[in-house]
Amino acid sequence: MHVLILGGTTEGRRLAELLAGEAGRRVTSSLAGRVAAPRLPPGEVRVGGFGGAEGMAAWLREHRVDALIDATHPFARTISFNAASAAATAHVPLLALRRPGWVAGEGDDWHPVDSLEQAARVLPALGERVFLTTGRMGLAAFAGPEPDLSALWFLVRSVDAPEPPFPARMEVLLERGPFTLDGERELLRAHRIDVVVTKDSGGAATAPKLLAAREAGIPVVVVQRPPVPEAVPVAATPEEAAAWLRGLSG
């Protein structure tokens, strides 16, 4: 059984690890190539795009893929919808592997929005020193001229250095999670952060910033994740995804 994992996430790597030791299982992980030094999963690895839904469908056929797992980032909307179209065209079973989203707790001051552009519009009313943790992609939403955020200062954290356009007043922090609560507390204090912007990525690796913000009474702008394509089944953990695959082969 040949399984293609659209990966690049912790869950995708974990699933590849779970499947690597199973007899009769060939595992290929596909990475987008947007990170300069990705953590490679076990098994076969391909890097780069497919050329849209049609290109992915052709790849599925050519390489005789028996099952497709979309374990991309919860905000990788385009590739998720391409995967749904390609799987339907190639008649390959598809599962989306999505870590659960974060849930606000007592004491949280969360401001949910539907996009980075909406996040930019609500920022001036919430603070002046922004901890922007949405990654290096999409910084143009905070670069102006509308809304005018020139009075705000941004601390941008990402794995790789961002490319313009980006906010006029900005410091870049190149780091890869997981992050600790003590570290996030110190970061907020040292940079005098008074508002945090994050995507609802879920998972434990970057969650400590939310608890640190709660403790400090700092508002958090949370960009809601896009929906999974209609009719695509969803697994919350790599273990659930592995069980789904065993059901197909059983």
Counting only N and O atoms by type, is there a donor-acceptor contact under 3.5 Å from the side chain of Asp148 to the main-chain atoms of Pro145?
-> no

For Asp66 and Pro93 the tightest heavy-atom approach is O-CD, 3.2 Å

Working to the nearest 0.5 Å, report the span between CG of Leu245 and CG of Leu19.
-> 6.0 Å

Is there a side-chain contact between Asp109 and Ile218, using heavy atoms and a 4.5 Å cut-off?
-> no

Backbone of Ile5 reached by a side-chain donor or acceptor of Ser29 within 3.5 Å = no

Connected-component partners of Leu94 among ILVMFWY, side-chain separation under 4.5 Å | Leu4, Leu6, Phe50, Met56, Trp59, Leu60, Val65, Leu68, Ile79, Val92, Val228, Val232, Val234

With a 4.0 Å cut-off, would you call Glu106 and Arg214 a salt bridge?
-> no

Return the minimal non-hydrogen interatomic distance between Gly7 and Leu31, and the atom names on each side.
-> C-CD2, 4.0 Å

Any side-chain heavy atom of Met1 within less than 4.5 Å of one from Glu22?
-> no

Would a 4.5 Å heavy-atom cut-off, applied to side chains only, mark Arg25 and Arg246 as touching?
-> yes

What are the two closest heavy atoms between Pro229 and Ala84, and how far apart are they?
-> CB-CB, 3.8 Å

Taking all non-hydrogen atoms of both residues into account, name the closest pair between Ala86 and Ala57 and its distance.
-> CB-N, 3.6 Å

Sub-3.5 Å donor-acceptor pair from the side chain of Asp200 to the main-chain atoms of Trp102, do we have one?
-> yes

Which heavy atom in Arg99 sits nearest to a heavy atom in Gly203, and how many Å separate them?
-> CD-N, 3.5 Å

Does the Glu184 side chain pair with the main chain of Thr180, one donor and one acceptor, at a distance under 3.5 Å?
-> no

Would you please say whether a donor-acceptor pair under 3.5 Å links the side chains of Ser80 and Arg77?
-> no

Does any non-hydrogen side-chain atom of Arg98 lie less than 4.5 Å from one of Thr72?
-> yes

Look at the side-chain heavy atoms of Ile, Leu, Val, Met, Phe, Trp and Tyr, link any pair under 4.5 Å apart, and say whether Leu181 and Leu210 land in one connected group.
-> no

Side-chain (Ser158) to main-chain (Ala161) donor-acceptor, under 3.5 angstrom = no

Is any NZ, NE, NH1 or NH2 atom of the basic residue among Glu186 and Arg189 found under 4.0 Å from an Asp or Glu carboxylate oxygen of the other?
-> yes

Are Val220 and Leu173 in one and the same hydrophobic cluster, where Ile, Leu, Val, Met, Phe, Trp and Tyr link if side-chain heavy atoms are under 4.5 Å apart?
-> yes

If you count the non-hydrogen atoms of other residues, nucleotides and ligands that lie under 6.0 Å from CD in Glu175, is the total more than 12?
-> yes

Under the 3.5 angstrom rule, does the side chain of Asn82 hit a backbone N or O of Gly52 as a donor-acceptor pair?
-> no

How long is the gap from OG1 on Thr133 to CG on Leu187, to the nearest 0.5 Å?
-> 10.0 Å

Do Ser115 and Gln118 have side-chain heavy atoms sitting under 4.5 Å apart?
-> yes

Mind checking whether Ile69 and Trp244 have side chains closer than 4.5 Å, heavy atoms only?
-> yes

Could you tell me whether Arg225 atom CZ has more than 12 heavy atoms of other residues or ligands within 6.0 Å of it?
-> yes

Rounding to 0.5 Å, atoms CG (Leu248) and CG (Leu95) come to a distance of 8.5 Å

Decide side chain to side chain contact (heavy atoms under 4.5 Å, CB included) for Asp70 and Leu97; before the verdict, give the C-alpha distance in whole Å, the side-chain angles of both, and the deciding distance to 0.1 Å.
-> CA-CA 6 Å; Asp70 174 15; Leu97 174 53; over 6 Å; no

Worked check of salt bridge (charged side-chain N to carboxylate O under 4.0 Å, His left out) between Arg14 and Glu11 = CA-CA 5 Å; Arg14 174 58 181 157; Glu11 291 76 20; over 6 Å; no

Output the rest of the hydrophobic cluster of Leu152: all Ile, Leu, Val, Met, Phe, Trp and Tyr residues reachable through side-chain heavy-atom contacts under 4.5 Å, sorted by chain and number.
-> Phe75, Val113, Leu116, Val122, Leu123, Leu126, Val130, Leu132, Leu139, Phe142, Leu149, Phe154, Val156, Phe166, Met170, Val172, Leu174, Val195, Val197, Val221, Val223

Could you tell me whether Glu128 atom CD has more than 12 heavy atoms of other residues or ligands within 6.0 Å of it?
-> no

Audit row: His2, Thr28, side-chain hydrogen bond (donor to acceptor under 3.5 Å, both in side chains) steps and yes/no = CA-CA 8 Å; His2 187 191; Thr28 302; 2.8 Å; yes

Distance in Å, Asp108 CG paired with Glu215 CD, rounded so as to fall on 0.5 Å steps | 10.5 Å

Closest non-hydrogen atom pair between Pro42 and Arg13, with its separation | CD-O, 4.4 Å

Would you check if Ile193 and Trp153 make a side-chain contact, meaning some heavy-atom pair closer than 4.5 Å?
-> yes

Begin from the C-alpha positions of Arg185 and Leu211 and carry the test side chain to side chain contact (heavy atoms under 4.5 Å, CB included) through to its verdict.
-> CA-CA 9 Å; Arg185 285 168 174 156; Leu211 181 53; 5.6 Å; no

Interatomic distance, CZ@Arg121 vs CD@Glu146, rounded to 0.5 Å, equals 9.0 Å

Spacing of OG1 belonging to Thr134 relative to CZ belonging to Phe131, to within rounding of 0.5 Å | 10.5 Å

Would you indicate whether the side-chain heavy atoms of Glu171 and His191 approach each other to under 4.5 Å?
-> yes

Side-chain (His73) to main-chain (Ser201) donor-acceptor, under 3.5 angstrom = no

Main-chain N/O of Ala151 paired with Arg169 side-chain donor or acceptor, under 3.5 Å | yes

Expected output: side-chain Asp194 to main-chain Arg129 donor-acceptor under 3.5 Å = yes

Side chain to side chain contact (heavy atoms under 4.5 Å, CB included) between Arg26 and Val3: does it pass, once the steps are laid out?
-> CA-CA 6 Å; Arg26 177 187 172 194; Val3 181; over 6 Å; no

Verify, without hydrogens or angle tests, whether Arg46 (side chain) and Gly49 (backbone) share a donor-acceptor contact under 3.5 angstrom.
-> yes

